[in-house]
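None of these values were measured; they are calculated from a predicted model.
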There are 2 protein chains.
Amino acid sequence: MDIRSLKHFHTIATCGQFTRAAIQLHISQPALSNTIKSLENELGCTLFERSTKSLKLTEPGEILYKHAGNVLESFDKIYKEMEDARNVGKGKINLGMIESYRYFISHMIGIFKSKNPAVSMKVRELGPNDIVKKLESFDIHLGITSIANDHNNFKYIPIFQENYVLLTPPEHRFKNLTSIEIIDLKNETFIHSLEGFKIRETFIKACEHVGFSPSVEFETESLETACSLVENGLGISVVPESFLALNPSKRRNEVFIKDFASKRTVYLVYQPERYLPPPIQDFIDITLQFSNEIIVRK
Amino acid sequence: MDIRSLKHFHTIATCGQFTRAAIQLHISQPALSNTIKSLENELGCTLFERSTKSLKLTEPGEILYKHAGNVLESFDKIYKEMEDARNVGKGKINLGMIESYRYFISHMIGIFKSKNPAVSMKVRELGPNDIVKKLESFDIHLGITSIANDHNNFKYIPIFQENYVLLTPPEHRFKNLTSIEIIDLKNETFIHSLEGFKIRETFIKACEHVGFSPSVEFETESLETACSLVENGLGISVVPESFLALNPSKRRNEVFIKDFASKRTVYLVYQPERYLPPPIQDFIDITLQFSNEIIVRK
DNA sequence: TCTTCTTTATAACTTTAAGTTATCAATTCA
DNA sequence: TGAATTGATAACTTAAAGTTATAAAGAAGA
């Protein structure tokens with residue numbers, strides 16, 4: 001049993017076929033037959049129930065499949081960490097962030113870059129779920145997100161907090177108001193983005209607390225889409241304040257909700273168990289400092 | 001990079017020498033030189049700072065070493081789980097327990113054996129720390145211990161609880177008493193066994209609570225030794241009740257401590273993530289049932 | 001039912017790489 | 001300085017991973 005055989009085994013189990021797995025692995029089909037034969041020999045049990053027209057994992061096969069997946073993942077991670085270790089000095093940071101933070105983050109990145117001009121950064125714009133996945137698979141070193149999840153071993157550092165405001169179409173009945181109360185929103189149609197699923201829950205609870213259940217008619221991927229739906233008069237939405245500064249437009253109104261105090265927190269997130277080369281440590285340190293400044297300002 | 005090269009690399013790093021590692025791996029020294037050379041080539045970095053008289057891991061080497069250890073451990077576990085998977089039906093259970101539970105456990109094993117006559121059991125007597133280690137390395141399927149540790153992902157099932165009694169030498173001033181209070185123990189010399197480190201802490205706290213700090217003069221490995229030290233008049237000790245039933249002797253006195261209500265709980269412990277074949281599941285089920293019975297009786 | 005297609009297994013062969021022995025170069029230490 | 005120890009290099013052997021060609025078995029369509 002070695003990684004090669006586990007890789008072969010895993011690919012067959014995933015494909016559900018020797019022939020297709022062979023193509024995927026860029027080897028011949030008999031080579032695969034051999035690998036599995038000797039693997040079964042070594043382990044003393046059959047791994048696949050196989051016939052010419054169907055392929056199924058046996059009980060021991062299922063167990064091995066689970067392990068094989070984990071070990072192969074570990075191997076991928078080793079390669080990624082070794083790449084970081086090799087590049088110490090050269091420096092390269094992979095960062096994934098929710099797109100709506102571009103404006104704020106560029107400031108932080110600016111500070112970092114002025115201190116570490118030799119370090120190259122690859123900034124990807126990802127959804128909150130992708131950030132978690134890509135951190136787990138070591139594809140990104142750092143993430144910037146507003147959703148802090150307790151279930152994994154990630155470390156979250158709060159960077160800043162901001163308020164939410166209500167966004168309405170230009171000709172809405174709130175157009176001459178600067179602030180309203182939640183109860184005024186009864187009978188309105190709501191648009192929410194998946195990006196802010198946390199605020200959605202909080203908001204719905206706040207509505208229920210004052211005695212009504214808001215009708216959420218649209219759910220979109222990004223804040224941008226939510227915003228443009230509002231501009232087209234399809235409903236109203238609750239969005240973070242900073243987003244509006246980033247995307248100025250005269251085709252909508254902003255109204256402050258007096259009795260809705262919930263804030264969104266933006267976090268820097270990373271895996272503390274992973275080896276993080278000096279420039280990344282530096283980025284984290286700068287973020288921590290930034291975080292303190294912001295918190296003092298608040 | 002494959003397991004073979006990781007194994008070679010890991011052995012060299014552990015031995016601190018190519019030559020010795022080669023002997024340990026039962027291969028020639030040039031073969032090792034080759035492995036490391038090609039590994040360094042593949043990863044694009046030096047793994048060892050090497051000269052004829054000293055060998056040291058580089059920074060990337062240190063990182064790889066950590067990972068290699070984990071991956072090699074995973075592989076060992078795969079073999080062990082696959083052995084269980086292969087032997088489904090034949091049945092074999094490795095159990096590790098603290099020796100002082102022999103008496104109780106033999107009852108439970110008896111019930112299990114009468115329901116599963118074909119299953120062979122290997123029962124090892126281990127210290128509490130070894131039980132944790134051997135569960136982690138998949139060397140035993142089940143453990144029986146009185147120390148429940150939150151730090152790992154083990155599952156603990158309480159089997160039974162019992163009281164502690166005070167053990168004194170035959171000619172001790174308590175010899176005609178059946179019960180005393182903690183405060184009466186001021187100025188006594190104590191003997192404790194490592195096996196019961198939990199009770200030791202609880203007991204010391206109880207003493208401090210009534211206003212004195214007990215002097216622990218002896219610490220031994222096993223309850224047996226603690227007991228024999230008491231019999232030889234070197235001090236007094238607090239031991240679980242069941243232990244005395246197991247080891248009758250006239251060379252000591254047993255006294256109940258009225259205001260010390262702490263009990264010891266004995267647990268069945270296992271790793272729920274690990275694949276556990278049907279007979280082991282059965283053993284766990286029987287234990288759970290046993291556990292309920294005991295708890296009802298209390 | 002026979003033919004065709006698909007899928008895995010077997011056989012014979014090639015090539016790669018892991019391991020071997022012999023030897024060298026460098027360093028420590030008596 | 002010379003013996004001893006340690007890792008690197010060179011040349012060779014061998015085991016195994018992969019190749020192509022082909023067989024066997026089951027499913028599907030005419």
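Between the P atom of D:dA8 and the CG atom of B:L55 lies a distance of 9 Å, rounded to the nearest Å. Straight-line distance from the CD1 atom of A:I23 to the C1' atom of C:dT6: 12 Å, rounded to whole Å. Counting to the nearest Å, the C1' atom of D:dG7 and the CG atom of B:L47 are 15 Å from each other. Between the CZ atom of B:R50 and the P atom of C:dA25 there is a distance of 19 Å, rounded to whole Å. Straight-line distance from the CG atom of B:L32 to the C1' atom of C:dG19: 11 Å, rounded to whole Å. In this entry the distance linking CZ of B:F18 with C1' of C:dA26 reads 15 Å, nearest Å. Per the geometry, CZ belonging to A:F48 stands 10 Å off P belonging to C:dA9, to the nearest Å. One can place CG of A:L39 at 15 Å from P of D:dA16, the figure rounded to the nearest angstrom.
With hydrogens and angles left out, the side-chain atoms of B:D282 and B:N116 include a donor and acceptor closer than 3.5 Å. A:E42 and B:Y79 share a side-chain donor-acceptor pair at under 3.5 Å.
At least one side-chain nitrogen or oxygen of B:S33 sits closer than 4.0 Å to the OP1 or OP2 atom of D:dA8. The phosphate of D:dG7 (OP1 or OP2) has no side-chain N or O of B:K37 nearer than 4.0 angstrom. The phosphate of D:dT5 (OP1 or OP2) has no side-chain N or O of B:T19 nearer than 4.0 angstrom.
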Filtered N/O pairs between nucleotides 19-26 of chain D and protein, under 3.5 Å:
{"residue": "D:dT19", "atom": "OP2", "partner": "A:S28", "partner atom": "N", "Å": "2.5"}
{"residue": "D:dT19", "atom": "OP2", "partner": "A:S28", "partner atom": "OG", "Å": "2.7"}
{"residue": "D:dG26", "atom": "O4'", "partner": "A:T52", "partner atom": "OG1", "Å": "2.8"}

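Under a cut-off of 6.0 angstrom, the local environment of NZ in B:K113 is crowded, with over 12 non-hydrogen atoms contributed by other residues, nucleotides or ligands. Heavy-atom neighbours of A:K80 NZ from other residues, nucleotides or ligands within 6.0 Å: above the threshold of 12. Counting heavy atoms of neighbouring residues, nucleotides and ligands inside a 6.0 Å radius, atom NZ of A:K66 exceeds 12 of them.
Partner A:I98 forms a side-chain contact (heavy atoms from CB on, under 4.5 Å) with one of A:I131, A:L126, A:D130 and no other, that one being A:I131. B:I280 pairs in a side-chain contact (heavy atoms from CB on, under 4.5 Å) with only one of the listed residues (B:L95, B:D285, B:L142), which is B:L142.
Under the 6.0 Å cut-off for aromatic ring centres, B:F9 and B:F48 qualify, their centroids lying closer than that. Ring pair A:H10/A:Y65: centre-to-centre distance below 6.0 Å.
Taking a 4.0 Å limit (strictly below) on heavy-atom distances, residues 3-14 of chain B reaches DNA chain C at B:R4, B:H8.
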